[in-house]
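Some notes on the structure that comes next.
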Amino acid sequence: MGSLLRTTPSPSEPSLRSRERRRAWRAGPLRPRLLAPLAVATIALATAGCGGTTASAGQPARSGPAGGGAPAANPSSGRPSSAPAAATDPSGGSAAPGSPAGRDSAGSATGTPRCTTKDLSMSLSTGDGGAGQVHYRLTFANKSGHPCALRGFPGVSLIRRDGSVIGVPADREGASGQQTKIGAGGTADVTLHTLNQGIADSGCWRTPDYLRVYPPGSKEALTLRAPGLRVCGDRFTTTAVES
């Protein structure tokens with residue numbers, strides 16, 4: 001029986017060292033593979049922290065105006081710039097036919113307010129003819145209790161009783177002139193010019209019932225009876241306001 005028993009020989013010291021060296025050799029390459037991703041992740045986090053922004057998964061990081069979303073600032077104000085507003089008509093609409101509104105300004109140069117239709121009344125002289133020419137004096141009277149001013153050409157039309165227009169509005173004759181200040185109770189004039197009948201082959205227009213007059217710079221008209229005014233030769237003009 002004693003001869004049949006076997007004992008497992010203890011490993012020798014050289015064999016143990018050999019096994020440890022093999023284990024160390026096998027484990028050695030794993031350490032660089034594990035450390036490399038950690039190093040890359042550490043560098044990426046440090047870079048993102050310096051840049052101030054982080055990227056979402058699968059998207060590049062954006063910062064500043066290149067990210068798109070923040071409007072550009074106006075250098076003079078520091079506020080986001082915006083598109084300019086569309087331009088609008090300050091008068092709120094177009095001038096009525098025959099009205100000089102928007103073409104001649106009046107009453108603002110010296111601080112004197114412009115004469116409005118509420119400030120004025122009108123009168124018309126009889127025709128003054130000579131050398132085939134006929135002139136009518138159209139007078140504006142300031143019926144308000146304060147001075148006002150006019151400058152430029154009025155809009156003058158001949159109309160029938162039903163309001164329909166005869167011919168065309170008066171054309172302009174001469175220069176626009178200077179601002180005319182009209183004191184309370186004072187007057188200023190324009191001259192209407194036409195021709196005597198027979199001077200031109202075109203004949204005469206129908207005799208009007210009224211004059212419709214827009215004072216310079218106004219969009220509201222005054223109406224005046226004018227049964228004696230007659231336009232002939234297709235000549236119908238007005239001068240600018242004068243004192």
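Reckoned from all heavy atoms, side chains included, excluding hydrogens, waters and symmetry mates.
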If every non-hydrogen atom of [X] is compared with every non-hydrogen atom of [Y], which pair is closest and at what distance?
| X | Y | value |
| --- | --- | --- |
| A184 | S144 | CB-O, 3.6 Å |
| A175 | A240 | O-CB, 3.4 Å |
| A200 | G233 | CB-CA, 3.6 Å |
| G127 | V134 | CA-CG1, 4.0 Å |
| P147 | N142 | CA-ND2, 4.0 Å |

Side chains of [X] and [Y]: does their closest heavy-atom pair fall under 4.5 Å?
| X | Y | result |
| --- | --- | --- |
| L150 | I182 | yes |
| P216 | R151 | no |
| R230 | W205 | no |
| T191 | L138 | no |
| I166 | R160 | yes |
| P169 | S157 | yes |
| V213 | L224 | no |
| L158 | V165 | no |

Going from [atom1] on [X] to [atom2] on [Y], what distance comes out if it is rounded to the nearest 0.5 angstrom?
| X | Y | atom1 | atom2 | result |
| --- | --- | --- | --- | --- |
| K219 | Y214 | NZ | OH | 11.0 Å |
| F236 | D171 | CZ | CG | 10.5 Å |
| M122 | L222 | CE | CG | 4.5 Å |
| K118 | S218 | NZ | OG | 10.5 Å |
| I159 | Y210 | CD1 | OH | 8.0 Å |
| C204 | L195 | SG | CG | 9.0 Å |

key: salt bridge (charged side-chain N to carboxylate O under 4.0 Å, His left out) between E242 and K181, worked out   = CA-CA 9 Å; E242 56 188 4; K181 183 177 179 179; over 6 Å; no
Sidechain-backbone polar pair: [X] side chain, [Y] backbone, donor-acceptor under 3.5 Å:
| X | Y | result |
| --- | --- | --- |
| T194 | R235 | yes |
| T238 | R172 | no |
| D189 | R137 | no |

task = List the steps and the verdict of side-chain contact (heavy atoms from CB on, under 4.5 Å) for L124 and L211.
result = CA-CA 9 Å; L124 182 69; L211 277 181; 4.0 Å; yes
task = Would you please classify the geometry between the H193 ring and the H135 ring as parallel, tilted or perpendicular, with 30° and 60° separating the classes?
result =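 Judged by the thresholds at 30° and 60°, the geometry between H135 and H193 is parallel.
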task = With sequence neighbours excluded, tell me which residues meet side-chain hydrogen bond (donor to acceptor under 3.5 Å, both in side chains) with T116.
result =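 By the side-chain hydrogen bond (donor to acceptor under 3.5 Å, both in side chains) rule, T116 matches D119.
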request  = Return the set of residues passing side-chain hydrogen bond (donor to acceptor under 3.5 Å, both in side chains) with D209 (not counting sequence neighbours), or none when no residue passes.
outcome  =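 Once residues adjacent in sequence are excluded, D209 has no partner under the side-chain hydrogen bond (donor to acceptor under 3.5 Å, both in side chains) criterion.
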inquiry  = Going by the rule salt bridge (Lys or Arg N to Asp or Glu O under 4.0 Å), which residues pair with R206 if we only count those two or more places apart in sequence or in a different chain?
reply    =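 For R206, no residue satisfies salt bridge (Lys or Arg N to Asp or Glu O under 4.0 Å) once neighbours in sequence are set aside.
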key: Verdict with supporting geometry, V190 and F140, side-chain contact (heavy atoms from CB on, under 4.5 Å)   = CA-CA 8 Å; V190 299; F140 296 99; 4.2 Å; yes
